[in-house]
Asks: 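Below you'll find the structure I mean.
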Amino acid sequence: MRTLRSRWKVALWAATVMLGAAMIWGPGARPVAAGSSVTVSVWLQTMDSCKDALGGAKYQVVGDNGIDLQVTTPSAARAGVGSGNCPVPRGNCSSQTVGCVQIANLPPGTYRIHELVTPPGNSSNPEGYAACNGGSACQRQEMDLTVSSSGAATATTTNVYPDGTVAVYPSGSTFRGSASDPILVHNFGLASPGSQGSECDGDGDADDHSTGTPSAHCAYPEGQESSACKPYPWSCTLGVWPAPVTTTSTTTGSTTTGSTTTTDTTTTTTDTTTTGTTSTGSTTTDTTTTVSTTTTTSTTTTSTTTAGCTLSTSSSGKLKKGSTKSISFKEVAAGPMGVDLSWSGTATVRLRLLDHKSKTLAETTVTGTSLHMDVASVSAGKYSLTLKLSGPQQVTYTLTAGHC
């Protein structure tokens, strides 16, 4: 009987421990078992420019670890989420499923997310939605997500308004990617010029397809309209990003054989007397050869050199935390390209090379005081570079770029 009672006590104790753990961890992520692979699933929610969630959007997720996938939010009617000023700073996929999609099983790494397909139109927004916020001619919007080695997720959303003003959501904080705090995306509603209220600048072009009262940042720079993507500046951002660019390092072992020859020569000379007979001196050579073998190992990193390239562009100035600095190239010829960037003080800086359609061709992120990017080959055309700082509030940078 004592043995049976002891077993019941052990079972009761184990059940109590399991119940306590469930109360602590709740229905979300559980602690990762020792030795297991760490992955995390994050939530993303699409909203309009205010407080309504929207279904029917599609996104691409690209990671520095080779991850490249696409997810779609289910189609659904608009639904109100959250409270406060517009745009609402936080979403909610716990009590509201509209506009929500879960990106599952992401291993540690850094990820970029952008919209491929915007939500469909409705009676209030008959022309659909822009892939960003602040006006019909907003420029772009993308999400940056980091998954730590322990499985913790942090994310921010960067939005560029029509006039180039940059806003980062949530202000001064990050999204956790949980159901109760999803990564938030805001899409601006579209309607024909003047049909839903005042136009932005009254000329009926891309920045006038507005709904509601135009914001202070609604006007796209007039001098840049002719070279902007059509029909909207953000239209070119909907293309699929290329696969992540990786750098390959190869370690090669080589064997070098050296030969050393040592020659000892002994010469014996016989005095010669001329008596009709000649005695010839003879020479005896004793040769000893010593062979030594040395094994060496060399490490070679695959890269593209830009030695002898002509200067294409240069820039210097101040880079603020969380902001994105864009630097445009002049027309360049086809061939290799190299970029050198340095900044004051240790900080984490991301550098991207984009083509004229705002597609990312190459990217590198470095924590330190400088970085270098080599691109094996680019086609003739126009390009731009973007810099983004995380860490200090501000650094001073210097950039030079060349092409061959």
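Keep in mind the model is a prediction, meaning the values are calculated, not measured.
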Asks: Minimum heavy-atom separation for Val38 and Pro108, please, with both atom names.
Replies: O-CD, 3.2 Å
Asks: Output, in order, the C-alpha distance, side-chain angles, deciding distance and verdict of side-chain contact (heavy atoms from CB on, under 4.5 Å) for Trp241 and Val62.
Replies: CA-CA 8 Å; Trp241 283 340; Val62 177; 4.1 Å; yes
Asks: Does Cys229 offer a backbone N or O that forms a donor-acceptor pair with the side chain of Ser235 under 3.5 Å?
Replies: no
Asks: Is it the case that Tyr220 and Asp201 place a side-chain donor and acceptor less than 3.5 Å from each other?
Replies: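 Checked: Tyr220/Asp201 side chains show no N/O donor-acceptor pair below 3.5 Å.
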Asks: Show your working on side-chain contact (heavy atoms from CB on, under 4.5 Å) between Thr365 and Lys388 and close with a plain yes or no.
Replies: CA-CA 9 Å; Thr365 300; Lys388 186 173 183 180; over 6 Å; no
Asks: Give me the atom names and distance for the closest heavy-atom approach of Ser192 to His209.
Replies: CA-ND1, 4.1 Å
Asks: With rounding to the nearest 0.5 angstrom, report the OG1 to CG distance, Thr146 to Asp64.
Replies: 8.5 Å
Asks: Within the 4.5 Å heavy-atom criterion, are Arg140 and Thr324 side-chain neighbours or not?
Replies: yes
Asks: Is there a donor in the side chain of Thr367 and an acceptor in the side chain of Thr348, or the other way round, less than 3.5 Å apart?
Replies: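 Yes - a donor-acceptor pair under 3.5 Å links their side chains.
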Asks: What is the distance from atom CD1 of Ile103 to atom OG of Ser41, rounded to the nearest 0.5 Å?
Replies: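 With rounding to 0.5 Å, CD1 (Ile103) is 9.5 Å from OG (Ser41).
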Asks: Can you name the salt bridge (Lys or Arg N to Asp or Glu O under 4.0 Å) partners of Asp163, sequence neighbours left out?
Replies: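 In terms of salt bridge (Lys or Arg N to Asp or Glu O under 4.0 Å), with neighbours along the sequence ignored, Asp163 is linked to no residue.
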Asks: Considering non-hydrogen atoms only, spot the tightest contact between Pro392 and Thr346 and give its length.
Replies: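 Shortest heavy-atom contact: CG-O, 3.8 Å.
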Asks: Check the angle between the aromatic planes of Tyr161 and His217 and answer parallel, tilted or perpendicular using the 30° and 60° thresholds.
Replies: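 Aromatic pair Tyr161/His217 classed tilted.
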Asks: Would you please test Val166 and Thr158 for side-chain contact (heavy atoms from CB on, under 4.5 Å) and show each step?
Replies: CA-CA 7 Å; Val166 177; Thr158 300; 3.8 Å; yes
Asks: Under 3.5 Å, side chain of Gln196 to main-chain N/O of Asn125, donor-acceptor pair present?
Replies: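 Checked: no pair found.
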Asks: Of all the heavy-atom pairs spanning Tyr383 and Asp355, show the shortest one and how long it is.
Replies: CD2-CA, 3.8 Å
Asks: What are the two closest heavy atoms between Gln141 and Val185, and how far apart are they?
Replies: NE2-CG1, 3.5 Å
Asks: Please check if the side chain of Gln139 supplies one atom and the backbone of Pro233 the other of a donor-acceptor pair under 3.5 Å.
Replies: no
Asks: Can you check side-chain contact (heavy atoms from CB on, under 4.5 Å) on Asp68 and Gln60, steps first, answer last?
Replies: CA-CA 7 Å; Asp68 186 355; Gln60 182 185 12; 3.0 Å; yes
Asks: State, to 0.1 Å, how close Val98 and Gly55 come at their nearest heavy-atom pair, and which atoms those are.
Replies: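 Taking Val98 first and Gly55 second, the nearest heavy atoms are CG1-N, 4.1 Å.
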Asks: Going by atom types only, do Lys382 and Ser227 share a side-chain donor-acceptor pair under 3.5 Å?
Replies: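 There is no such pair between these side chains.
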Asks: Does the side chain of Lys318 come within less than 4.5 Å of Thr396's, by heavy atoms?
Replies: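 Yes - at least one pair of side-chain heavy atoms lies under 4.5 Å apart.
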Asks: Taking Thr211 for its side chain and Ala191 for its backbone only, find out whether a donor-acceptor pair lies under 3.5 Å.
Replies: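 Between the backbone of Ala191 and the side chain of Thr211 there is no qualifying donor-acceptor contact (under 3.5 Å).
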Asks: Kindly compute the distance separating CZ (Phe188) from OG (Ser210), expressed to the nearest 0.5 Å.
Replies: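 Phe188 CZ to Ser210 OG: 4.5 Å, rounded to 0.5 Å.
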Asks: Quick one: are Ile183 and Ile113 in side-chain contact, heavy atoms under 4.5 Å?
Replies: yes
Asks: Any donor and acceptor pair, going by atom type alone, linking the side chain of Ser136 with main-chain N or O of Ala206 inside 3.5 Å?
Replies: yes
Asks: Just to verify, which of Thr156, Leu145, Asp144, Asp181 counts as forming a side-chain contact (heavy atoms from CB on, under 4.5 Å) with Thr174?
Replies: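 Of all the options given, the one that passes is Thr156.
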Asks: Roughly how far, to the nearest 0.5 Å, is CG of Leu399 from CD1 of Ile327?
Replies: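 These two atoms lie 4.5 Å from each other.
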Asks: Is the backbone of Ala228 close enough, under 3.5 Å, to the side chain of Lys230 for a donor and an acceptor to pair up by distance?
Replies: yes
Asks: What I'd like to find out is whether the side chain of Val240 reaches to under 4.5 Å of the side chain of Gln70, using heavy atoms alone.
Replies: yes
Asks: Quick check: do Phe175 and Tyr169 have side-chain heavy atoms less than 4.5 Å from each other?
Replies: yes
Asks: Please check this pair: side chain of Thr157 against backbone of Leu184, looking for a donor-acceptor N/O pair closer than 3.5 Å.
Replies: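 Yes; judged by distance alone, with no hydrogens or angles, the pair exists.
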Asks: With heavy-atom distances below 4.5 Å as the criterion, would you say the side chains of Ser384 and Leu354 are in contact?
Replies: yes
Asks: What I'd like to find out is whether the side chain of Thr46 reaches to under 4.5 Å of the side chain of Tyr129, using heavy atoms alone.
Replies: no
Asks: Atom CZ of Arg350 and atom CG of Leu341: how far apart are they, to the nearest 0.5 Å?
Replies: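 Going from the CZ atom of Arg350 to the CG atom of Leu341 covers 13.0 Å.
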Asks: Distance check, rounded to the nearest 0.5 Å: Lys320 atom NZ versus Leu389 atom CG?
Replies: 11.5 Å
Asks: Hey, does the side chain of His186 reach the backbone of Asp48 with a donor-acceptor pair shorter than 3.5 angstrom?
Replies: yes
Asks: Answer yes or no: is there a side-chain heavy-atom contact under 4.5 Å between Leu387 and Leu351?
Replies: yes
